[in-house]
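Written below as structure tokens is the structure these notes are about.
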Amino acid sequence: MGLEEKIPDSIILTTLDKVVNWSRKRSMWPFSFGLACCAIEMMSTFMAKYDMSRYGMEVFRPSPRQADLMIIAGRVSMKMAPVIRTLYEQMPNPKWVIAMGACASCGGVFNNYAVLQGVDRIIPVDIYIPGCPPRPEQLIHAILELHKKVEKESLKQPREHWGRTA
Amino acid sequence: MEEKVREFLQNRFAGAITREDNFRGDQSFYVSTEDLFAICQALYEDPDLSVRYLADLTSVDWLGHEERIGGRFEVVYNLYSLQHKYRFFLKVILPAENPEIASLTPIWDGANWLEREVWDLMGIKFTGHPDLTKILTPDDLEGHPLRRDFPITWEVPQFNWNKDKSPEVIK
Amino acid sequence: MESKTLNLNMGPQHPSTHGVLRVELEVDGETVVRARPVVGYLHTGIEKTMESKLYYKALPCTDRMDYLSPMNNNLGFCLAVEKLMDIEVPGKVNYARVILSELTRIKSHLVWVGTHAFDLGAMSVVLYAFREREMIVDIYEACAGQRMMSTYIRIGGLAKELPSNFEKLVRKFLKVMPAKLRDYEDLLTHNRIFIGRTKDVAVISAQDAINWSLSGPMLRGSGVKHDLRKDNPYCGYENFDFDIAYGENGDSYDRYLLRMEEIRQSLRIIQQAIDGMPEGPYRAHVPGVVLPPKEDVLHKMESMIFHFKIITEGFKTPVGSVYQGIESPKGELGFFISSDGTNKPNRVRVRPPSFINLASLPVLCEGHLLSDAVCAVGSVDIVLGEVDR
């Protein structure tokens with residue numbers, strides 16, 4: 001059956017980094033966490049037509065302690081900001097953050113007293129997606145770019161912002 | 001229906017209507033602060049008019065137009081009669097200092113959150129409200145955002161050329 | 001033995017609160033003694049932002065309130081401004097608006113039925129519902145080039161001419177949808193688990209519903225006959241033949257049946273509208289207030305001047321305040337605009353149906369089981385963007 005027959009009882013040489021990054025990349029569990037409009041596009045991305053499970057990412061975790069990717073989908077209000085920071089800190093390392101949409105990236109059209117001008121003020125962000133809201137293809141592209149980023153990481157040099165407080 | 005409401009108000013509360021206004025078919029009656037609760041109660045209980053539905057409750061800040069309006073704040077009660085399919089507005093003018101009005105929660109449960117919202121965003125106090133606390137804004141926000149003199153707080157967007165400066169906030 | 005109640009916090013990050021709703025629950029064993037919704041975690045200051053913008057530029061903010069039915073929000077705001085400026089729109093615009101707003105209603109109800117069933121454990125419906133939603137989103141995209149926040153309905157008409165394949169797309173949807181609707185009903189209507197989770201759960205009586213100022217499916221589910229499309233018609237709804245669905249018991253199951261029936265009635269309306277669609281301009285001709293058509297801007301001097309003036313200065317409005325309510329999928333969505341005679345509104349008040357419907361959550365939950373609280377939150381059909389604005 002399959003791969004096992006092709007490589008019977010043999011040794012494969014690779015680097016630990018590669019194996020770890022490969023497995024992290026291929027089984028990324030997003031945190032099911034929607035804020036506003038973009039959350040609906042995020043849901044579309046994971047539904048039948050766009051189908052994120054093609055990339056091993058369909059397992060949405062409702063608890064931050066089981067997730068390693070946080071997609072900030074929507075505007076972050078001043079009241080929500082401390083909650084997001086707490087949720088981020090509850091996620092185990094390694095963790096990645098995607099700021100989806102204009103509001104999460106920079107405040108978007110809501111430049112006012114109530115909205116945080118970009119979620120990067122409170123948590124470190126890996127990928128920014130423009131758009132209001134971004135199309136599902138854009139989110140898929142962002143996630144694939146994140147996969148590339150994960151591939152380049154090394155266990156010897158942990159990501160600079162691990163444990164960093166913003 | 002408009003005639004009926006006017007007649008009802010004039011018969012039951014003589015002199016309560018200070019002004020009337022009909023703009024684009026929206027009929028509003030300006031009533032005095034003291035009579036508002038009694039008027040709403042009477043409208044609610046009257047079987048003929050049966051104004052049982054408080055569609056909306058909101059407020060307007062007329063900063064800079066006080067003379068024309070006769071006060072700074074205007075509380076707008078959007079009443080609807082489900083039986084007659086008729087909508088009209090009761091408006092109350094409140095002064096700039098300590099705006100206060102009787103709460104309608106004893107009549108309508110639905111007024112609870114609407115009044116809390118007006119208190120939070122406009123700073124109009126509703127006496128007799130069971131739980132007059134902030135509802136939308138964070139607890140640490142001071143002031144009432146929808147007042148015209150509350151700054152919208154515009155922040156200068158950061159680009160490459162000003163990314164090293166800390167963001168400038170314009171009020 | 002001493003017995004104590006337990007305080008439980010649900011949200012703001014909770015998968016079944018449809019966003020960032022937080023509910024403080026006090027439970028006695030499995031029974032909810034007290035429920036207190038805490039909102040404001042998505043407070044965006046939209047009303048304040050709209051006050052600081054010209055009427056044209058305030059329009060995109062409305063999309064982002066109830067993001068499940070953006071076109072209905074556009075419609076409400078545009079109708080209110082049109083009422084303020086006393087603008088009459090051409091017949092074709094009304095027909096197009098009716099089609100788009102009914103499509104939006106279906107879109108919103110599809111997301112609702114999917115997520116509500118998902119909360120109650122029926123996982124598959126959401127996958128199907130989003131599949132059909134994509135068809136409506138495609139129509140949006142054909143019209144405006146955007147999948148969600150189209151801002152297609154503008155003051156005085158539409159943003160641009162309806163696309164050439166509009167009729168084809170809508171007719172295709174009309175052909176496909178009834179069968180899909182039967183699929184959802186096969187999955188849910190007689191599903192014993194679904195009935196068990198929703199029947200006699202989150203009940204509200206007609207009198208309570210009126211007293212709590214509920215609107216939309218929440219009010220009609222209790223048997224109160226109130227629908228603005230019939231009672232105070234706008235956009236020429238009086239020309240269409242359709243029925244309003246009512247519930248009897250005011251429970252979650254009735255509201256489900258009612259929303260399914262609303263989808264069916266919406267399909268009826270769309271069918272009539274697409275059959276009787278008149279020819280004509282896509283925007284009213286009101287110089288100085290309504291933007292001239294883009295073709296004219298490129299070729300005619302006056303149109304270009306008007307275009308420039310409207311974009312930069314806006315238009316002066318008469319002093320006064322207007323209210324325009326429309327029947328959005330969630331309930332009565334009203335826009336109250338009070339104008340002080342300048343080119344910016346003095347105050348824009350949105351009557352948010354979900355906010356007012358959500359206020360009745362304590363009535364729906366208290367005295368019932370904890371797991372029914374999830375069903376109650378779901379059956380209200382809230383959108384936090386509109387609750388918090």
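Lettering of chains follows the sequences in order, A, B, ..., and the numbering in each one begins at 1.
- A salt bridge links C:R347 with C:E47: the closest approach of a Lys/Arg side-chain nitrogen to an acidic carboxylate oxygen falls below 4.0 angstrom.
- The pair B:R148-C:E51 meets the salt-bridge criterion, since a charged nitrogen lies less than 4.0 angstrom from a carboxylate oxygen.
- Of all residues in residues 81-101 of chain B, those placing a non-hydrogen atom less than 4.5 angstrom from a non-hydrogen atom of chain C are B:L82, B:K85, B:R87, B:F89, B:K91.
- Taking the ring centre of C:Y41 as origin, the terminal cationic atom of C:R22 falls outside the region bounded by 6.0 Å and 45° from the ring axis.
- Most heavy-atom pairs under 4.5 Å with chain B: of the set C:H226, C:Q207, C:K48, C:K225, this distinction falls to C:K48.
- A cation-pi arrangement, defined by a distance under 6.0 Å to the six-membered ring centre and an angle within 45 degrees of its axis, is present between C:K230 and C:F242.
- Within the cation-pi definition used here (under 6.0 Å to the ring centroid, within 45° of the axis), B:R19 qualifies as a partner of B:Y30.
- Salt bridge annotation for C:D227-C:R229: present, with a cationic side-chain nitrogen under 4.0 angstrom from a carboxylate oxygen.
- Counted within 6.0 Å of CD on B:Q10, heavy atoms from surrounding residues, nucleotides or ligands total more than 12; the atom is thus considered enclosed.
- Looking at C:S215, both its backbone and its side chain come within 4.5 Å of chain B, counting heavy atoms on both sides.
- No other option in C:V224, C:L214, C:L228, C:V38 has as many heavy-atom pairs under 4.5 Å with chain B as C:L214.
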Item to check | Steps toward salt bridge (Lys or Arg N to Asp or Glu O under 4.0 Å) verdict (B:R72, B:D149) | outcome: CA-CA 12 Å; B:R72 180 171 166 188; B:D149 48 6; 3.3 Å; yes
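- Atom CG in C:N343 sits 8.0 Å away from atom OG1 in C:T317 (nearest 0.5 Å).
- Proximity to chain C (any heavy atom under 4.5 Å) is shown, for B:D21, by neither the backbone nor the side chain.
- Salt bridge present: B:R6 and B:E3 bring a charged side-chain N and a carboxylate O closer than 4.0 Å.
- By number of non-hydrogen pairs under 4.5 angstrom with chain C, the leading residue of B:Y44, B:F150, B:Y80 is B:Y80.
- Paired with C:S338 under the rule side-chain contact (heavy atoms from CB on, under 4.5 Å), one option of C:N346, C:L84, C:V348 passes, and it is C:N346.
- Ion pair C:D381/C:R255 not flagged as a salt bridge, since none of the NZ, NE, NH1 or NH2 atoms sits closer than 4.0 Å to an Asp/Glu carboxylate oxygen.
- Of the two parts of C:I210, the backbone and the side chain both hold a non-hydrogen atom closer than 4.5 Å to a non-hydrogen atom of chain B.
- Among residues 109-125 of chain B, the residues having any heavy atom closer than 4.5 Å to a heavy atom of chain C are, in sequence order, B:D109, B:G110, B:W113, B:L114, B:R116, B:E117, B:L121, B:M122.
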Next on the checklist: side-chain contact (heavy atoms from CB on, under 4.5 Å), that's the test. Do C:L219 and C:E332 meet it? Break it down for me.
Outcome noted: CA-CA 10 Å; C:L219 185 66; C:E332 180 187 338; over 6 Å; no
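- With a 4.5 angstrom heavy-atom cutoff, B:T105 does not touch chain C via any of its atoms.
- Neither the backbone nor the side chain of C:P353 comes within contact range of chain B, judged by heavy atoms closer than 4.5 Å.
- Only the side chain of C:F336 comes within less than 4.5 Å of a heavy atom in chain B; its backbone stays farther off.
- Side chain of C:K330 to backbone of C:N357: no donor-acceptor contact under 3.5 angstrom is found.
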